[in-house]
Engineer: 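Encoded as structure tokens, here's the structure I'll be asking about.
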Amino acid sequence: MKNSIDFQTGLLENYLEKTVRKASDMRGFFQDEKALEEMISQGDPTIYEVYAVPNNGEGEISYAVTVIHPGKVGKEFFMTKGHYHEIRNRGELYIGIRGKGLILMQKWAEMKIENIERGNIVYVPPCWAHRSVNVGSEDLVFLAIYPGDAGHDYGSIAEKGFAKIVVEEDGGYKIIDNPKYHE
Ligand code: S6P
Ligand code: ZN
């Protein structure tokens, strides 16, 4: 199928699947549960959207544009749920399109963090869980390209989270230990 992406806006023309994650879909992922419930009761805003073209199967390649809106739950910046690939041995590429963000990557006790910004190419190696965070004041938009059989495993992240969280401090961001994290 022919397709195109607008590299100014990140708009993907012929996406096949749209996933919307509202505040109410993110229960258990942010630290401040009270702030999240309040946000849900006050209109349940969208935290992020994913526009995907899946090509499922071994040897195939899928791609998707993610738009994470700006905002915070308590002091914690809006972010994706984060996942391992269901088939662990599958890597991925992220290409920043607009906005200012971070990608947290984690494998066992190891953690690495890179910037997602316009033009940045971030390689997520096989077996690393990954979550992106919008630390700016506009939408964070990036393109992800991944193997068609990778799949998503949200379970272990939903249960344990990442070892680090990203919070606002003095108008900027700070990366701190996740008080709820356990190995
Ligand atoms: C897929 C890739 C992205 C994410 C998207 C949303 O492998 O990493 O397209 O699916 O950024 O994040 P999440 O954690 O909710 O799937
Ligand atoms: Zn992924």
Side-chain angles (χ1 to χ4, degrees), residues 19-42 44-50 64 66-94 96 99-117 120-137 139-142 144 146-147 150-183:
T19 306
V20 177
R21 301 286 191 207
K22 289 171 160 271
S24 54
D25 298 311
M26 299 296 288
R27 285 190 171 103
F29 287 88
F30 289 100
Q31 300 291 311
D32 192 338
E33 289 165 21
K34 227 176 112 196
L36 185 72
E37 289 307 323
E38 207 171 300
M39 191 174 270
I40 294 167
S41 69
Q42 287 172 5
D44 196 11
T46 296
I47 309 290
Y48 65 101
E49 290 137 40
V50 186
T66 302
V67 178
I68 309 178
H69 299 297
K72 282 173 289 167
V73 175
K75 286 207 152 287
E76 207 176 353
F77 287 102
F78 281 8
M79 62 186 183
T80 58
K81 289 185 172 188
H83 59 270
Y84 284 95
H85 290 151
E86 210 172 321
I87 300 187
R88 288 286 191 277
N89 190 24
R90 294 292 183 271
E92 177 158 12
L93 281 183
Y94 275 38
K100 190 171 179 266
L102 299 174
I103 177 166
L104 313 184
M105 291 176 270
Q106 181 167 305
K107 183 185 176 188
W108 301 108
E110 271 180 280
M111 178 106 208
K112 51 184 179 179
I113 298 175
E114 289 189 31
N115 293 318
I116 310 178
E117 277 169 27
N120 279 12
I121 300 174
V122 179
Y123 176 52
V124 182
C127 305
W128 287 74
H130 40 289
R131 160 181 287 163
S132 20
V133 185
N134 185 349
V135 295
S137 49
D139 284 348
L140 172 68
V141 184
F142 58 86
Y146 48 100
H152 295 90
D153 169 10
Y154 293 104
S156 33
I157 297 299
E159 193 192 319
K160 295 182 183 173
F162 279 73
K164 302 277 180 190
I165 60 169
V166 186
V167 295
E168 189 266 333
E169 191 187 56
D170 300 332
Y173 70 84
K174 148 173 110 158
I175 299 160
I176 59 170
D177 287 341
N178 177 356
K180 289 186 185 162
Y181 182 75
H182 58 95
E183 284 280 325

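Note that the structure is a prediction, hence the values are computed from the model and not measured.
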Engineer: Taking atom OG1 of T80 and atom CZ of F142, what is their separation to the nearest 0.5 Å?
Structural biologist: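 Here the interatomic distance stands at 6.0 Å.
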Engineer: First locate atom OH of Y84, then atom OG of S156, and finally report the distance between them rounded to the nearest 0.5 Å.
Structural biologist: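 Nearest 0.5 Å value for the OH-OG distance: 5.5 Å.
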Engineer: So, the side chain of Q31 versus the backbone of E76: is there a donor-acceptor pair under 3.5 Å, distance only?
Structural biologist: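 Checking the backbone N and O of E76 against the side chain of Q31, no donor-acceptor pair under 3.5 Å is found.
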Engineer: List the atom of G136, the atom of P70, and the distance in Å for their closest heavy-atom pair.
Structural biologist: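 In this case the closest contact between G136 and P70 is O-CB, 3.8 Å.
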Engineer: Can you tell me how far OH of Y94 sits from CD1 of I116, rounded to the nearest 0.5 angstrom?
Structural biologist: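 Here the interatomic distance stands at 6.5 Å.
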Engineer: Does the side chain of N115 reach to within under 4.5 Å of the side chain of L102, using non-hydrogen atoms?
Structural biologist: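 A side-chain contact exists here, since the closest heavy-atom pair is under 4.5 Å.
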Engineer: Closest heavy-atom contact between F162 and N178?
Structural biologist: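 Smallest heavy-atom distance, with atoms named: O-ND2, 2.9 Å.
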Engineer: Is the shortest heavy-atom distance from the side chain of K72 to the side chain of Y173 under 4.5 Å?
Structural biologist: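 The answer is no; the side chains never approach within 4.5 Å.
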Engineer: Less than 4.5 Å apart, side chain to side chain, heavy atoms only: is that true for Y123 and L93?
Structural biologist: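 Y123 reaches L93 side chain to side chain.
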Engineer: Are the side chains of M79 and F30 in contact, using a 4.5 Å heavy-atom criterion?
Structural biologist: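 Yes. Closest side-chain heavy atoms under 4.5 Å.
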Engineer: Ignoring hydrogens and geometry beyond distance, is a side-chain donor-acceptor pair present between D139 and H69 at under 3.5 Å?
Structural biologist: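 There is such a pair between these side chains.
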Engineer: Give me each pair satisfying salt bridge (charged side-chain N to carboxylate O under 4.0 Å, His left out) with a member in residues 22-32, each pair once, sequence neighbours excluded.
Structural biologist: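 Matches after skipping sequence neighbours: R27-E37.
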Engineer: Between W128 and E110, is the side chain to side chain contact (heavy atoms under 4.5 Å, CB included) condition met? List the steps.
Structural biologist: CA-CA 9 Å; W128 287 74; E110 271 180 280; 3.7 Å; yes
Engineer: State the OG-CE distance between S132 and M105, to the nearest 0.5 angstrom.
Structural biologist: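 So the gap between those two atoms works out to 10.0 Å.
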Engineer: So, taking the atom named NE2 in H83 and the one named CD in E92, what distance separates them when rounded to the nearest 0.5 Å?
Structural biologist: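 These two atoms lie 5.5 Å from each other.
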Engineer: Would you call I165 and P179 a side-chain contact if the rule is heavy atoms closer than 4.5 Å?
Structural biologist: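 Yes; the side chains approach each other to less than 4.5 Å.
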Engineer: Does M111 reach the side chain of L104, with side-chain heavy atoms less than 4.5 Å apart?
Structural biologist: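 In contact.
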Engineer: Using atom types as modelled and distance alone, determine if a side-chain donor or acceptor of Q106 lies under 3.5 Å from a backbone N or O of A109.
Structural biologist: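 No: the side chain of Q106 does not pair with the backbone of A109.
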Engineer: What is the minimum heavy-atom distance between A35 and G74, and which atoms define it?
Structural biologist: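 Nearest heavy atoms, A35 then G74: CB-N, 3.6 Å.
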Engineer: May I ask you to decide if the ring planes of Y146 and H152 are parallel, tilted or perpendicular, using 30° and 60° as cut-offs?
Structural biologist: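 Ring orientation, 0 to 90° scale: perpendicular.
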Engineer: Can you tell if the side chain of H85 reaches within under 4.5 Å of the side chain of H130, non-hydrogen atoms only?
Structural biologist: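 Yes, at least one pair of side-chain atoms sits under 4.5 Å.
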Engineer: Say whether, by atom type as modelled, one donor and one acceptor occur between the side chain of D170 and the main chain of G172 under 3.5 angstrom.
Structural biologist: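 Judged by distance alone, no pair lies under 3.5 Å.
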Engineer: Is the backbone N or O of A23 less than 3.5 Å from a side-chain atom of D44, with the two atoms forming a donor-acceptor pair by type?
Structural biologist: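 Yes, because the side chain of D44 sits within donor-acceptor range (under 3.5 Å) of the backbone of A23.
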Engineer: Is there a side-chain contact between I157 and R131 (heavy atoms, below 4.5 Å)?
Structural biologist: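 They are in side-chain contact.
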Engineer: Might you work through the salt bridge (Lys or Arg N to Asp or Glu O under 4.0 Å) test for E117 and K100, ending with a clear yes or no?
Structural biologist: CA-CA 5 Å; E117 277 169 27; K100 190 171 179 266; 5.3 Å; no
Engineer: Can you see which heavy atom on E49 is nearest to which on T46, and at what distance?
Structural biologist: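 Heavy atoms only, the tightest pair is OE2-CG2, 3.5 Å.
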Engineer: For the atom pair CG (N134) and OH (Y48), what is the distance rounded to the nearest 0.5 Å?
Structural biologist: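 Taking CG in N134 and OH in Y48, the distance rounds to 13.0 Å.
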Engineer: Take a 6.0 Å sphere around NZ of K180 and say whether it holds more than 12 heavy atoms from other residues, nucleotides or ligands.
Structural biologist: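 Atom NZ in K180 is crowded, with more than 12 foreign heavy atoms closer than 6.0 Å.
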